[in-house]
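Report on the following structure.
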Number of protein chains: 2
Amino acid sequence: MKLKRYSLAEQAYREMLKQIISGQWQAGDKMTEESLCEHFKISRTPAREALMSLTRDGLVERQPRCGWRICSPTTEQVYELFECRRQIECLALKSAIDNIPEEKLEALKEALLSETESPKRISLQVDDDLHQLIADHCGNSYLKNILERLSRQSSPFRYFRTDSDSTEKIQQERLTLIEEMLNKNTDKALKLLSDHIAQGRKILEDRKTL
Amino acid sequence: MKLKRYSLAEQAYREMLKQIISGQWQAGDKMTEESLCEHFKISRTPAREALMSLTRDGLVERQPRCGWRICSPTTEQVYELFECRRQIECLALKSAIDNIPEEKLEALKEALLSETESPKRISLQVDDDLHQLIADHCGNSYLKNILERLSRQSSPFRYFRTDSDSTEKIQQERLTLIEEMLNKNTDKALKLLSDHIAQGRKILEDRKTL
DNA sequence: AATCTTTAATTTGTATACAGTATACAATTA
DNA sequence: TAATTGTATACTGTATACAAATTAAAGATT
């Protein structure tokens, strides 16, 4: 068993990713390399590398000679992001639908059904798993990478959905999506997935919190 | 007038990009940070940053503690890359076809027609312009970014096409593609674009030089 | 002769010092 | 008082020194 030790840059990157996704580091926050060093007790070199990685993910912006700040896309840009993801994930689903092992879908269905007690928190995990499943089995590693990046990039705006009151309905729609995928009913599955992602946008729109 | 001075990292990045795209830096070549420093007369910090940028583009691979090397994807992976690009660019074309200004297409047509004397070299530029036009007008900045990255990533494998003997035919097909775009004939244009990109793959296949 | 161990050399990962630039604030002038 | 210029501060860009780790080689043991 080989225990992999991540570099300081990698550790800082992962930690910041969590912070940004969970919303603890607010969008628009300006940050200095120095403050990061203090926070993680590392030097500037790995701190800068972590920032560059986050920039690659489209989560942090770099202004030459003027520091770094967490991306705060306009509402319109977030719409574009969701729309982009919707279109590309539909592409992936077309290829993936025949390749996803049934047992994985069944497992997901199980998980979805068994979470009646605490739907808000767990459902995000199931959601991730479903999207990951599609990416994993689309048969194209580049498409997979693109989807993973888009997923990361849109994750800061995902948490808005959890405290929606329409949890029940969303969960039901997910269930039927999985069913249709099991049935290899491509057209219906595509429609459902499309709606599912577009919903993220719609909830955002209703709130107008940006 | 504000004169923008690029950072050393940016300069090195651009230069390396050119080198890789033009094939002067061979795929599979292993390189050390030190050698880059010598070559560009810079220190390791900007050299590393340039390498990280290239890694982001999918052109350079980093093996922790074991150096950097230019990506040498397998034939199968290059196929995947082209296929990914084909699918996503078709998405973009669907959205773009109604937004691309006619005069731009006309200009491209002109350029294509006027290059009968030296078709091999210039045609690449027209090709780039066409793909850029589609990306620019798809109405989604994320999709645009993805396409640009895919374009950069596949550019090292594009030069194989120039010395093909079927230049005439390729040129004709491009012309009809532009025509169909002008006619707003989405279905035909999609088919032609699809073939156009797939052709890159096919030429690669015929050569089996990888 | 082959294999395992240890050691040396090379190269990346990290820390830090220095230089240059941008921003903010103060001072001076119109 | 407003505007412009000068100055100080803070932060990024860059260079370099040091630490850690991997690879390769040399040596010893079976």
Side-chain angles (χ1 to χ4, degrees), chain A residues 1-20 24-73, chain B residues 1-20 24-73:
Chain A
M1 180 66 189
K2 196 173 181 182
L3 186 60
K4 190 174 183 180
R5 256 193 52 236
Y6 293 111
S7 70
L8 295 184
E10 183 73 17
Q11 288 177 43
Y13 166 69
R14 286 168 184 250
E15 199 53 43
M16 289 179 72
L17 198 62
K18 267 197 250 173
Q19 302 277 326
I20 292 175
Q24 290 179 265
W25 295 61
Q26 288 292 341
D29 280 0
K30 216 169 171 179
M31 50 175 51
T32 124
E33 296 175 1
E34 199 67 38
S35 64
L36 268 188
C37 296
E38 271 184 44
H39 187 260
F40 289 112
K41 309 291 178 201
I42 58 179
S43 74
R44 279 182 61 210
T45 310
R48 281 169 65 89
E49 186 175 331
L51 284 167
M52 286 190 260
S53 296
L54 289 166
T55 302
R56 182 196 55 192
D57 288 338
L59 293 171
V60 163
E61 259 177 350
R62 177 186 198 173
Q63 292 147 312
R65 292 265 177 207
C66 298
W68 312 74
R69 49 188 264 269
I70 302 194
C71 282
S72 59
Chain B
M1 180 65 189
K2 198 175 179 180
L3 185 60
K4 192 174 182 179
R5 258 191 51 235
Y6 293 112
S7 69
L8 296 183
E10 183 74 16
Q11 288 178 43
Y13 164 71
R14 285 167 185 251
E15 200 52 44
M16 290 179 72
L17 198 61
K18 267 196 251 172
Q19 301 279 326
I20 293 175
Q24 291 179 265
W25 294 61
Q26 287 293 339
D29 280 1
K30 214 171 173 178
M31 49 174 52
T32 125
E33 296 176 2
E34 200 66 38
S35 64
L36 268 189
C37 296
E38 271 184 46
H39 188 261
F40 289 110
K41 309 293 179 200
I42 57 179
S43 74
R44 280 183 60 211
T45 311
R48 282 167 65 89
E49 186 174 331
L51 284 168
M52 286 190 258
S53 295
L54 288 165
T55 302
R56 181 196 57 191
D57 289 336
L59 293 171
V60 163
E61 260 177 351
R62 177 187 198 172
Q63 292 146 313
R65 294 267 179 206
C66 298
W68 312 74
R69 49 189 263 270
I70 302 194
C71 282
S72 60

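Here the structure is a predicted model, which means the values were calculated and not measured. The chains referred to below are lettered A, B, ... by the order of the sequence lines, with proteins before strands, and numbering in each begins at 1.
A salt bridge is absent between E49(B) and R56(A); no separation between the charged side-chain nitrogens and carboxylate oxygens falls under 4.0 Å.
For the pair Y13(A) OH and dT14(C) C1', the computed distance is 20 Å after rounding to whole Å. Here the P atom of nucleotide dA15(D) and the CG atom of L36(B) are 13 Å apart, to the nearest Å. The distance from atom NZ of K30(A) to atom P of dA10(D) is 15 Å, rounded to the nearest whole Å. Atom pair L8(A):CG and dA20(D):C1' shows a separation of 11 Å (rounding to whole Å applied). Between the CE atom of M52(A) and the C1' atom of dG13(C) there is a distance of 13 Å, rounded to whole Å. Following rounding to the nearest Å, E33(A) (CD) and dT14(C) (C1') show an atom-to-atom distance of 15 Å. The separation between Q11(B) atom CD and dG13(D) atom C1' is 12 Å, rounded to whole Å. Atom pair K41(A):NZ and dT16(C):P shows a separation of 13 Å (rounding to whole Å applied).
In this structure, T45(A) reaches the bases: a heavy-atom distance under 4.0 Å links it to at least one base atom across the strands shown.
Within the 4.0 Å cut-off from OP1 or OP2 of dG13(D), not a single side-chain nitrogen or oxygen of R48(B) is found. S43(A) has a side-chain polar atom (N or O) that falls below the 4.0 Å cut-off from OP1 or OP2 of dA15(C).
Under the side chain to side chain contact (heavy atoms under 4.5 Å, CB included) rule, W68(A) has a single partner from L51(A), L36(A), T32(A), which is L51(A).
Taking for each of I42(B) and W68(A) the nucleotide of DNA chain D with the nearest heavy atom, the 5'-most of the two is the partner of W68(A). Nearest-nucleotide mapping onto DNA chain C: of C66(A) and A9(A), the residue sitting toward the 5' end is A9(A).
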### Task
Step by step, work out the side-chain contact (heavy atoms from CB on, under 4.5 Å) result for L8(B) and Y13(B).
CA-CA 8 Å; L8(B) 296 183; Y13(B) 164 71; over 6 Å; no
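Between the side chain of R44(A) and the base of dG13(D), a donor-acceptor pair under 3.5 Å is found.
A perpendicular orientation is assigned to the rings of H39(B) and W25(B), their planes being inclined by more than 60° (bins at 30° and 60°).
Side-chain atoms of E33(B) never come within 3.5 Å of backbone atoms of R44(B) as a donor-acceptor pair (strictly under, hydrogens ignored).
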